[in-house]
Colleague: 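Structure below; questions to follow.
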Number of protein chains: 2
Amino acid sequence: MKHIAESTVRRLSLYLRFLEEFEAHGHQTISSGELASQGGTTSAQVRKDLSFFGSFGKRGLGYSVSDLSSRLREILGLGRPWKVVIVGAGKIGAALAQYRGFRERGFRIVGIYDVDPQSIGLALDGVTVRDQRDMETDLMSLNAEIALLAVPAEVAQPLTDRLVAAGIGAILNFASTPLHVPSHVTIRSVNMALELEILSYALVNRDA
Amino acid sequence: MKHIAESTVRRLSLYLRFLEEFEAHGHQTISSGELASQGGTTSAQVRKDLSFFGSFGKRGLGYSVSDLSSRLREILGLGRPWKVVIVGAGKIGAALAQYRGFRERGFRIVGIYDVDPQSIGLALDGVTVRDQRDMETDLMSLNAEIALLAVPAEVAQPLTDRLVAAGIGAILNFASTPLHVPSHVTIRSVNMALELEILSYALVNRDA
DNA sequence: GTTACTTTGTGAAATCATTCACAAGCACCC
DNA sequence: GGGTGCTTGTGAATGATTTCACAAAGTAAC
């Protein structure tokens, strides 16, 4: 298949959210225009995004909410649960461990790791924090596919290397430093201070 | 000034980080190539990004680390501190309140608000959680410019409307729903479940 | 069955972002 | 002071993404 832009995948993910909401409200069908207005985009964009994967709509009518939902779930790989480990049980790691949104969408936290003896042994939302030294063996036996990295910037790269060596497939990085991984591993970063700086820029250049 | 792409602003922010690191290591100058390799981009990209704002380098030599740092800080609006309020003192709000990275970069938490009587009165990193009913009057008197919104999706839009009415300039939204604001207010969203879904897509389409 | 209306799917056009490629400027050395 | 070696700044070219615009395909009503 042709390469799909990240911005497209991000929007598909949003569409899926709206569809689920629509489904909960008992709606059967939805038009590209309705989907667009929810997501702050245009109907043409919605149709183009979907067209990369097939034609799921009925002309004159729109899309079946339930059909499109399941097609999107399939496209996004949400048909099955994913096993996720959290590395770092500090404030952010702990908040992530207890975040409802992950479980709801099929991301199951199967392990949490830290180095701090104070944290090791704590139960966070049913999962016990384990020693970071156990990380590799656990990863092998659990076969976790995704890691959430919530550790100080200084140790982010070495821990990334360990995760990669242990066969992780994807990493979501919350440290404020860019990480380097081999090309078969997917990495994304969430950098909150950087988001604030973008807001700062916008505030300063409001009228420009 | 010509409109600057968000991707450019994001990279400027990253460059600033590397410059600060370089400065700490005692380096005087840096080339576009060095800056690029840190940020996973190309030297041409770095030079193009900077060229939107002026020409800060010396041919044959590169950029003065300290000069470029201060120019970038100025461009990004980081020359002065920003007053930030956090709305929602749950797990995420509390983690944000205690996150070091904000203060380091001049974002000062001046207020935290919640509705839960259990949370109200708690001190998070020196700031006391206050009743959400006090939010508007506080905002007016404190003149806070930025809000971090860490509340359940159902109440995110109404709270956004209140923040906008109270004169907030920018919002960083952690709720999993897109928010609508008038055009004079800047909004950005950090949606962690969505980031995981992008990873899920990547894992499923690894070889495609 | 025909007409009127709606909405999709998609090439083509337009816009936006990145990369290329190279002249121009500066440092350093002899 | 002239030559050599780097590195910047920037138009032009390329590539990517979004928007446009419209034929095709469906519904609904009579």
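Chain naming here is simple, since letters A, B, ... match the order of the sequence lines and numbering starts at 1 in each.
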Colleague: Looking at A:Val87, A:Leu172, A:Val190, which hits side-chain contact (heavy atoms from CB on, under 4.5 Å) with A:Leu148?
Modeller: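 Single side-chain contact (heavy atoms from CB on, under 4.5 Å) partner of A:Leu148 among A:Val87, A:Leu172, A:Val190: A:Leu172.
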Colleague: Please figure out whether B:Thr42 or A:Ser32 has its closest DNA chain C nucleotide nearer the 5' end.
Modeller: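 Its nucleotide being nearer the 5' end, the pick is A:Ser32.
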Colleague: A:Tyr63 side chain N/O closer than 4.0 Å to the phosphate oxygens (OP1, OP2) of C:dT6?
Modeller: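 For C:dT6, OP1/OP2 do not have a side-chain N/O of A:Tyr63 under 4.0 Å.
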Colleague: Taking atom P of D:dT8 as reference, at what distance in whole Å does atom CG of B:Asp67 sit?
Modeller: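 Atom CG in B:Asp67 sits about 14 Å away from atom P in D:dT8.
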Colleague: Tell me if the side-chain of A:Arg59 makes a donor-acceptor pair with the base of C:dT8, cut-off 3.5 Å, by modelled atom types.
Modeller: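 Result: at least one qualifying N/O pair found.
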Colleague: Whole angstroms only, please: what is the CG-P distance between B:Asp49 and D:dG9?
Modeller: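 B:Asp49 atom CG is separated from D:dG9 atom P by 12 Å.
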Colleague: Please state how far atom CG in A:Leu50 lies from atom P in C:dT7, giving the value in whole angstrom units.
Modeller: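 For the pair A:Leu50 CG and C:dT7 P, the rounded distance is 16 Å.
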Colleague: Could you check how far CG of A:Leu12 sits from C1' of D:dT18, rounded to whole Å?
Modeller: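 Atom CG in A:Leu12 sits about 15 Å away from atom C1' in D:dT18.
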Colleague: From C-beta outward on B:Thr8, which listed nucleotide comes closest to its side chain: C:dT18, C:dT8, D:dT8?
Modeller: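 Of the candidates, C:dT18 comes closest.
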Colleague: Nearest to the side chain of B:Ser55 - C:dT8, D:dG9, C:dC20?
Modeller: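 Taking heavy atoms from C-beta onward, the closest nucleotide is D:dG9.
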Colleague: What integer distance in Å separates B:Leu61:CG from C:dA27:P?
Modeller: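 To the nearest whole Å, that distance equals 7 Å.
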Colleague: To the side chain of B:Arg47, which of D:dT19, C:dG9, C:dC22 is closest?
Modeller: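 When the side chain of B:Arg47 is considered, C:dC22 is the closest of D:dT19, C:dG9, C:dC22.
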Colleague: Within the structure, does a side-chain N or O atom of B:Gln45 lie under 4.0 Å from either OP1 or OP2 of C:dT19?
Modeller: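 B:Gln45 to C:dT19 OP1/OP2: side-chain N or O found under 4.0 Å.
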Colleague: Send over the distance from A:Lys48 NZ to C:dA14 C1', rounded to a whole Å.
Modeller: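 The answer, rounded to whole Å, is 13 Å.
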Colleague: In whole angstroms, how far is the C1' atom of C:dG9 from the CZ atom of A:Phe56?
Modeller: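 A:Phe56 atom CZ is separated from C:dG9 atom C1' by 12 Å.
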Colleague: For the pair B:Gln157 (side chain) and B:Leu179 (backbone), establish whether a donor and an acceptor sit closer than 3.5 Å, ignoring hydrogens and angles.
Modeller: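 Checked: no pair found.
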Colleague: Can A:Thr42 and A:Gln45 be counted as having a side-chain donor-acceptor contact under 3.5 angstrom?
Modeller: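 No, no side-chain donor-acceptor pair sits under 3.5 Å.
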Colleague: Using a 4.0 Å heavy-atom cut-off, does B:Ser43 contact any base of the nucleic acid, only the sugar-phosphate backbone, or nothing at all?
Modeller: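 It contacts nothing in the nucleic acid.
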Colleague: So what does A:Thr41 touch, heavy atoms closer than 4.0 Å: a base, only the sugar-phosphate, or nothing?
Modeller: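 No contact.
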Colleague: Mapping A:Ser51 and A:Gly60 onto DNA chain C by nearest heavy atom, which one lands closer to the 5' end?
Modeller: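 In this pair, the answer is A:Gly60.
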Colleague: In terms of the nearest nucleotide of DNA chain D, which residue is placed more toward the 5' end: A:Lys58 or A:Glu6?
Modeller: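 It is A:Glu6 whose nearest nucleotide is closer to the 5' end.
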Colleague: Let me spell it out: for each of B:Gly62 and A:Ser7, pick the nucleotide of DNA chain D with the closest heavy atom. Which residue's pick is nearer the 5' end?
Modeller: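 This one resolves to B:Gly62.
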Colleague: In whole angstrom, what separates A:Arg10's CZ from D:dT17's P?
Modeller: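 Interatomic distance, CZ of A:Arg10 to P of D:dT17: 13 Å.
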Colleague: For the residue pair A:Phe22 and A:His27, categorise the inter-ring angle as parallel (less than 30°), tilted (30 to 60°) or perpendicular (more than 60°).
Modeller: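 It falls in the tilted class, 30° to 60°.
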Colleague: Charged N to carboxylate O under 4.0 angstrom, B:Arg10 versus B:Asp49?
Modeller: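 The answer is no: the pair does not qualify as a salt bridge.
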